[in-house]
Amino acid sequence: MARANGRVAALLHEYAELLAIVGSDAFKARAYEKAARAVAGHHEDVGGMDEAAIRSIPNVGKSIAGKAAEILRDGTFQGLEDLRAEVPEGVRQLAAIPTLGPKKALMLYRERGVSDVEGLLDAVNTGKLRGLRGFGPKTEQNILAGVSLMRRAGERVPLNVALKVAEEIVAAISEIPGCERCTYAGSLRRGRETIGDIDILAAASDSTPLMERFVDLPQVAEVIAHGDTKTSVRTYAGLQVDLRVVPPECWGAALQYFTGSKAHNVRVREIAVRQGLKLSEYGLFDAESGALLVADTERAVYERLGLAWIPPTLREDWGEVAAAAKDELPTLVEVKDLRGDLHSHTDLTDGVATLEDMVAAAAARGYEYYAVTDHAPDLTMQRMTLDKAREQRERLRELQQRYPDMRLLHGSELNIAADGSVDWPEEILAEFDVCVASVHHQFRLSAAEQTRRLIRACENPRVHVIGHLTGRRMGRRDPIDLDFDAVFAAAARTGTALEVNGGPQRLDLKDEHVRWARRHGVRFTIDSDAHSTTQLEYVRYATLTAQRGGLTSDEVINTWSYQRFSEFLERKRSAS
DNA sequence: GCCGTTTTCGGCCCGACTGTTTTCAGTCG
């Protein structure tokens, strides 16, 4: 079963939101928010901790530890239930709309009786918000745009959420006697950035025990359909999960079929047809005689069609079938190729783990080098100062003694101002081993302005990496407008790496931008942007995205030996 | 509500931006 941390953090977070809506002490709401983040990012499973141990988590005091214990025992806590009774669920959803917040959500509810998103749209469209203090025409436009942004994220869930659910279910199904194989397929196996529903595939001669166990899993809230070969359920998190059970002998054909994408499968079936063959989830057949040719492994199916096995992350009909026919598929970068992480935060700025804990967690991943890149002073809310940065550097240098096998790099995540300048002057930047520069505000400049801004950042000799280039946050914020060709060309020309950020709401660059940028000869990093020890694993999602972009390890600088990697940084300094 | 201490209270994420306002509240990062 998953760590209890996520569950506890979710309820603390909900409580914080409700406190903000009902207008309690803002600092109290923030205390719950901080505690939720601390619990979510804590390295130990709170499910196995007593109240005193929970209290030892930073930013969790007596009161919140008590509530966490209550959650572990009862699944909720009284204070939360009281507020839930006071504030309709829909009002919380209103506060989640970009540009709305707790205050405006409550105002809509109190003054106009708006208690869900539908009601809000109706109120805007029928002019019911006219005259409401603080709600002018621009606000109405922003509401419509915000709802549209959320709707576009739709019912889909982030990759990481779906992956966790799928892995739990696959583990449970795999344990059932008679289950010979089990894995997830569909868009999840292809590593898409969001997932609509989860497809689980299992191989067994007798499907009955698997189906029976599946509908009984603790995650299952509702059974949508229940048959011999396919059963669909909805989890408590609202995710639809389909389990399909196939005979073991057609595992490969079924996995190929259910992994998709649809466009990829159409392309592959066309090739089969041209060869007088027929491909289905049951196998590859001779079209004329109907004789089964192969079905047991994916590789055998592809090979019988004259194709190299195609990694699932490439199966989007973006040219991978033609490449497979010519045996020209790239050897994709994998998580195990990563020798370092170049973007992470500690509690000196907005991370929740100490420098020591982050370094220890990075070492546990087996990295050869690891950069701590806390925010620089322009993100004023983080209150970074030069003194603090230098003191952190001293601590890191001392820590280095304890990690002879991992090179500790002192870095900074710089903030790119609207004019393309960054927080610190050249001589200060020179003190850092590595600098990631990112956009954190001014998201609405014109494409021309954003392009100038980013090109100037690339041209800074002390900027080695551009972090999360487009600044998008799925369902929350659109990407900035850019002339991508111009920025990619500048990155390639100046030897500035572009980051594939693994934050599940970011995944920025996204797959298509990676493909686009690599045509310019850009180098990349695969980074976690971790704000806690557990988030170091976000490189997993960045790697899937990089794979979808077709990246090989040769294009990703943090798969390189430290020697080669440091030469890349050095060239940047001297070239620009 | 948490935390640190010049410790049992007082400060806590602060400044910019937006849209509304006509001096500021709400939202965001």
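A, B, ... follow the sequence lines: proteins, then strands. Residue 1 opens every chain. Since the model is a prediction, treat every value here as computed from it, not as a measurement.
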Which whole number of Å gives the distance between the [atom1] atom of [N] and that of [M]?
{"N": "B:dC13", "M": "B:dC3", "atom1": "P", "answer": "12 Å"}
{"N": "B:dT8", "M": "B:dG1", "atom1": "C1'", "answer": "15 Å"}
{"N": "B:dC12", "M": "B:dT6", "atom1": "P", "answer": "16 Å"}

Quick check on the 6.0 Å ring-centre criterion: do [X] and [Y] meet it?
{"X": "A:Tyr403", "Y": "A:Tyr370", "value": "no"}
{"X": "A:His468", "Y": "A:His440", "value": "yes"}
{"X": "A:Phe484", "Y": "A:His513", "value": "yes"}

For this session: Please determine if a side-chain N or O atom of A:Arg477 lies less than 4.0 Å away from the OP1 or OP2 oxygen of B:dG29.
Result: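 Yes, such a contact exists.
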Pick base, sugar-phosphate or nothing for [X], based on heavy-atom distances below 4.0 Å to the nucleic acid.
{"X": "A:Asp25", "value": "base"}
{"X": "A:Phe443", "value": "sugar-phosphate"}
{"X": "A:His440", "value": "sugar-phosphate"}
{"X": "A:Arg133", "value": "nothing"}

Exercise. What is the ring orientation for A:His345 with A:His375, classed by angle as parallel under 30°, tilted 30 to 60°, or perpendicular over 60°?
Worked result: parallel
Seminar exercise, completed: Considering only heavy side-chain atoms of A:Gln442, the closest of B:dG29, B:dC17, B:dT27 is B:dC17
Exercise. Do you know which of A:His464, A:Lys572, A:Arg523 makes side chain to side chain donor-acceptor pair (under 3.5 Å) with A:Thr496?
Worked result: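 Result: among A:His464, A:Lys572, A:Arg523, A:Lys572 is the only option passing the side chain to side chain donor-acceptor pair (under 3.5 Å) with A:Thr496.
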For this session: Residues of residues 62-86 of chain A with any non-hydrogen atom less than 4.0 angstrom from an atom of DNA chain B: list those, numerically ordered, please.
Result: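 Of all residues in residues 62-86 of chain A, the ones placing a heavy atom under 4.0 Å from DNA chain B are A:Lys62, A:Ser63, A:Ile64.
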